[in-house]
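Predicted model, so just to flag it, every value in this text is computed and none were measured. What's counted below: heavy atoms across the whole structure, side chains too, no hydrogens, waters or symmetry copies. Reminder, nothing fancy here: chain letters follow the sequence lines and each chain counts from 1.
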Amino acid sequence: MLKTIAGMKDILPSEISQWHYVEKICMEVFKNFNYKEIRTPILEMTALFKRGVGETTDIVEKEMYTFEDRDKTSLSLRPEGTAPVVRAYIQNKLFNDQPVTKLYYMGEMYRHERPQKGRYRAFHQIGAEYFGATSPLADAEIISLISEILNRLDIKSYVFYINTIGCQECRPKYKEALKNYFSNHFDNLCEHCQKRLDTNPLRVLDCKNSKCKEIAESSPIIIDYVCDTCKTHHEELIKLVDFIKIPYKIDYRIVRGLDYYVRTTFEVKEEGGILGAQNTILGGGRYNGLVSQLDGPETEAIGFAIGVERLLYLLENISNSEYIDYVVIPLGKEQIDMAFKIATSLRIKGFSVDIDPRSGSLKSQMRWANKLGAKSVILIGENELKNSSYIEKNMETSEQKVCSINDVLN
RNA sequence: GUGGGAGUAGCUCAGUUGGCAGAGCACAGGAUUGUGGCUCCUGUGGUCGCGGGUUCAAAUCCCGUCUUCCACCCCA
């Protein structure tokens, strides 16, 4: 039997109402914050991600679905949403329309990783990008927007972490300080962190190893090393977030894995054990260099992405009350034509209507109607057809009334 | 990419020292004439993930492979 590719799965009719629910609420909140939807192809040139996400990131180095087009161009399924949106922003010169541009997207992303709970090779992200704003107000607005989405979805078991990771100016100094500090504890670091100390000392901060964690506890703190611009930006952001009373924690270990981030980074995590090890349900940050790096004008931006599959784990079981307005039941073969006509008429009028194609016994059709959650059934037998009438039965109250066929057909 | 657990009916799972493939739920039909849900009866449904091997005999033991789950790496 042919199956889905490993780490990819179908979203079944029984699950789809949850997806619609999340998408609907997000779209409403985006509307409230004046974001416009953008849809980009799932396939892009590999070069976009190499330049956008970073040549040395894990995503680009070992997780992309990459293959050659017929003309030998290297293409990749998008592993994330930001680079394509930035590409679209530049290509369509959206920066000419408005001084600031606020976009959101919802779609499937692809990464060739080992599947795990909350981590799939095809997964969905809902995200937004805010272009053209240097002000910490933009950062605060993004955080407010995320908070509102989580509130409206009635998700409670999460922690909002905010950090700043400085800029190209000040981060190297911090990295150097970290390197010095961790070098003094080199023998007590795990194998990975010993290597990371050279490649990316920031990563040692969010290592899961208990010894590394302990050492990281008293490591130098980023905020002591950032330049004045970054520090002011961070402080003003915090002031704004406090002012609108959004709960958060400052966590200097939120370092993020993608190359393009500067200053503000943030993550929302579920820490009640529902998600296991993959407990980050959304993440994002400011990326000031990305647009110019992809040949656009110098533009500051900030964005985030929600992992929809992870978010769905946290959703309280929303009432999945499937129903249908009518099931039309002919009691015998002679009444099928008229049943079909009545069903059609009701459908045209806007009701949801079904009719059993199997023409089984009355009992079996009633059972079927009950299973579909029919609010009412319409029964047509020999006697009714003779009188141009039908019986409408309310499935909740069991009340029945005789109606005229002519009325329903008009 | 690395390490570990699991795979038997649509779903959740039993299956003893290797000896005829099972249950509950779901689905279908029925319980005196044309009325659902509750109850009762009956029935359909399996290449025991797939491929090799050992054996008179394999769901059961061995090897490989795929999928899935858990963790690492990393990320949403």
Side-chain angles (χ1 to χ4, degrees), chain A residues 1-9 12 14 53 56-63 78-82 106-127 146 190-193 195-196 199-200 203 206-209 254-258 266-270 273 275-285 303-314 327 329-332 335 356 358 360-385 390-400:
Chain A
M1 191 190 21
L2 292 165
K3 294 183 190 170
T4 49
I5 295 161
M8 305 194 182
K9 57 182 185 178
L12 299 173
S14 60
V53 180
T56 59
T57 54
D58 280 21
I59 289 179
V60 169
E61 233 170 30
K62 53 185 203 193
E63 293 173 4
R78 62 184 181 198
E80 56 102 53
T82 299
M106 317 199 283
E108 197 163 36
M109 309 295 163
Y110 305 85
R111 289 183 200 173
H112 192 111
E113 301 176 88
R114 192 74 163 251
Q116 197 179 327
K117 182 172 193 166
R119 192 174 62 191
Y120 309 99
R121 289 182 176 177
F123 62 101
H124 294 76
Q125 287 189 334
I126 297 176
I146 292 165
C190 72
E191 214 176 305
H192 273 293
C193 285
K195 279 182 201 156
R196 277 194 279 228
T199 56
N200 191 354
R203 281 261 153 241
D206 66 354
C207 180
K208 286 170 186 167
N209 182 292
I254 303 296
V255 295
R256 313 284 308 151
L258 282 60
F266 54 85
E267 282 179 9
V268 171
K269 291 185 177 186
E270 189 283 323
L275 277 173
Q278 260 55 52
N279 65 347
T280 304
I281 61 177
L282 71 88
F304 74 95
I306 301 173
V308 181
E309 281 82 357
R310 292 182 186 179
L311 187 71
L312 287 172
Y313 275 109
L314 308 187
V327 168
I329 300 177
L331 299 190
Q335 293 90 45
D356 194 333
R358 298 168 300 178
S361 66
L362 174 55
K363 178 195 278 256
S364 74
Q365 294 198 64
M366 284 299 289
R367 276 186 178 166
W368 188 66
N370 190 60
K371 196 162 32 187
L372 293 187
K375 289 183 189 166
S376 299
V377 295
I378 284 172
L379 300 160
I380 313 157
E382 207 177 333
N383 299 336
E384 286 74 24
L385 194 55
Y390 65 86
I391 298 168
E392 180 172 336
K393 174 170 183 168
N394 182 312
M395 292 296 274
E396 253 177 70
T397 63
S398 293
E399 279 168 17
Q400 296 191 174

For [N] and [M], measure between their [atom1] atoms and round to the nearest Å.
| N | M | atom1 | result |
| --- | --- | --- | --- |
| rG45(B) | rG10(B) | P | 11 Å |
| rA6(B) | rU60(B) | P | 14 Å |
| rU42(B) | rC25(B) | P | 13 Å |
| rU2(B) | rC62(B) | P | 23 Å |
| rC69(B) | rG30(B) | P | 41 Å |
| rG34(B) | rG46(B) | P | 34 Å |
| rC74(B) | rC13(B) | P | 33 Å |
| rU17(B) | rC56(B) | P | 22 Å |

Please give, in whole Å, the distance from [N] [atom2] to [X] [atom1]?
| X | N | atom1 | atom2 | value |
| --- | --- | --- | --- | --- |
| Lys3(A) | rG49(B) | NZ | P | 10 Å |
| Arg121(A) | rU67(B) | CZ | P | 7 Å |
| Tyr390(A) | rU35(B) | OH | P | 20 Å |
| Glu191(A) | rC73(B) | CD | C1' | 12 Å |
| Glu63(A) | rC75(B) | CD | P | 8 Å |
| Lys269(A) | rC74(B) | NZ | P | 13 Å |
| Glu382(A) | rG34(B) | CD | C1' | 11 Å |
| Asp58(A) | rU2(B) | CG | C1' | 14 Å |

Heavy-atom check, side chain of [X] versus side chain of [Y], under 4.5 Å:
| X | Y | result |
| --- | --- | --- |
| Glu384(A) | Leu379(A) | no |
| Leu331(A) | Glu382(A) | no |
| Cys207(A) | Arg196(A) | yes |
| Asp356(A) | Val327(A) | no |
| Gln365(A) | Pro330(A) | yes |
| Phe304(A) | Val268(A) | no |

> Of Asn279(A), Ile254(A), Val255(A), which meets side-chain contact (heavy atoms from CB on, under 4.5 Å) against Glu267(A)?
Replying inline: Ile254(A)
> When the nearest nucleotide of RNA chain B is assigned to Cys190(A) and to Ala6(A) on a heavy-atom basis, which residue is associated with the more 5' position?
Replying inline: Ala6(A)
>> Let me spell it out: for each of Ala374(A) and Val268(A), pick the nucleotide of RNA chain B with the closest heavy atom. Which residue's pick is nearer the 5' end?
In response: Ala374(A)
> Can Arg358(A) and Trp368(A) be said to form a side chain to side chain contact (heavy atoms under 4.5 Å, CB included), step by step?
Replying inline: CA-CA 11 Å; Arg358(A) 298 168 300 178; Trp368(A) 188 66; 3.5 Å; yes
Using a heavy-atom cut-off of under 4.0 Å over every strand shown, decide if [X] touches base, sugar-phosphate, or nothing.
| X | answer |
| --- | --- |
| Glu61(A) | nothing |
| Ile126(A) | nothing |
| Ala305(A) | sugar-phosphate |
| Gly7(A) | sugar-phosphate |
| Leu282(A) | sugar-phosphate |
| Gln400(A) | base |

>> Could you spell out the base pairing of RNA chain B as a dot-bracket line? Use Watson-Crick and G-U wobble contacts where both distances are under 3.5 Å, [ ] for crossing pairs, | for partners on a different strand.
In response: (((((((..((((.....[..)))).(((((.......))))).....(((((..]....))))))))))))....
Any protein N or O atoms within reach of nucleotides 70-72 of chain B? Criterion: under 3.5 Å, listing atom names and distances.
| from | atom 1 | to | atom 2 | distance (Å) |
| --- | --- | --- | --- | --- |
| rC70(B) | OP2 | Lys117(A) | N | 2.4 |
| rA71(B) | OP1 | Ala277(A) | N | 3.1 |
| rA71(B) | OP2 | Gln116(A) | NE2 | 3.0 |
| rC72(B) | N4 | Arg119(A) | NH2 | 3.3 |

> Which is it for Lys375(A) and Glu396(A) under the side chain to side chain contact (heavy atoms under 4.5 Å, CB included) test, yes or no, and what are the steps along the way?
Replying inline: CA-CA 7 Å; Lys375(A) 289 183 189 166; Glu396(A) 253 177 70; 5.6 Å; no
> Within the distance-only criterion (no hydrogens, no angle test), does the side chain of Arg121(A) pair as donor or acceptor with the backbone N or O of Glu113(A) below 3.5 angstrom?
Replying inline: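 It does hold such a pair.
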>> With the criterion set at under 5.5 Å between ring centres and under 30 degrees between planes, would rG36(B) be stacked on Trp368(A)?
In response: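 Taking the rule of under 5.5 Å and under 30°, the ring of Trp368(A) does not stack on rG36(B).
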> Under the side chain to side chain contact (heavy atoms under 4.5 Å, CB included) criterion, do Val377(A) and Met395(A) qualify, and how do the steps go?
Replying inline: CA-CA 7 Å; Val377(A) 295; Met395(A) 292 296 274; 3.8 Å; yes
> Got a donor-acceptor pair under 3.5 Å from the side chain of Gln365(A) to the base of rG34(B)?
Replying inline: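 Donor-acceptor pair under 3.5 Å: no.
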> Donor-acceptor pair under 3.5 Å: do we get one between Asn370(A)'s side chain and the base of rG37(B)?
Replying inline: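 Such a pair does not exist between side chain and base.
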Among [options], the nucleotide that comes nearest once only the side chain of [X] is considered:
| X | options | answer |
| --- | --- | --- |
| Arg196(A) | rC75(B), rU35(B), rC73(B) | rC73(B) |
| Lys371(A) | rG36(B), rA76(B), rA28(B) | rA28(B) |
| Ile391(A) | rA76(B), rG34(B), rG37(B) | rG34(B) |
| Ser398(A) | rC69(B), rG37(B), rU35(B) | rG37(B) |
| Tyr120(A) | rC75(B), rC69(B), rG34(B) | rC69(B) |

> Taking it one step at a time, do Arg119(A) and Arg310(A) satisfy side chain to side chain contact (heavy atoms under 4.5 Å, CB included)?
Replying inline: CA-CA 8 Å; Arg119(A) 192 174 62 191; Arg310(A) 292 182 186 179; 4.0 Å; yes
Strictly under 3.5 Å: I want the nitrogen or oxygen pairs between protein and nucleotides 29-33 of chain B, one per line.
| from | atom 1 | to | atom 2 | distance (Å) |
| --- | --- | --- | --- | --- |
| rG30(B) | OP2 | Ser361(A) | OG | 3.3 |
| rG30(B) | O6 | Arg367(A) | NH2 | 3.1 |
| rA31(B) | N7 | Lys363(A) | NZ | 3.3 |

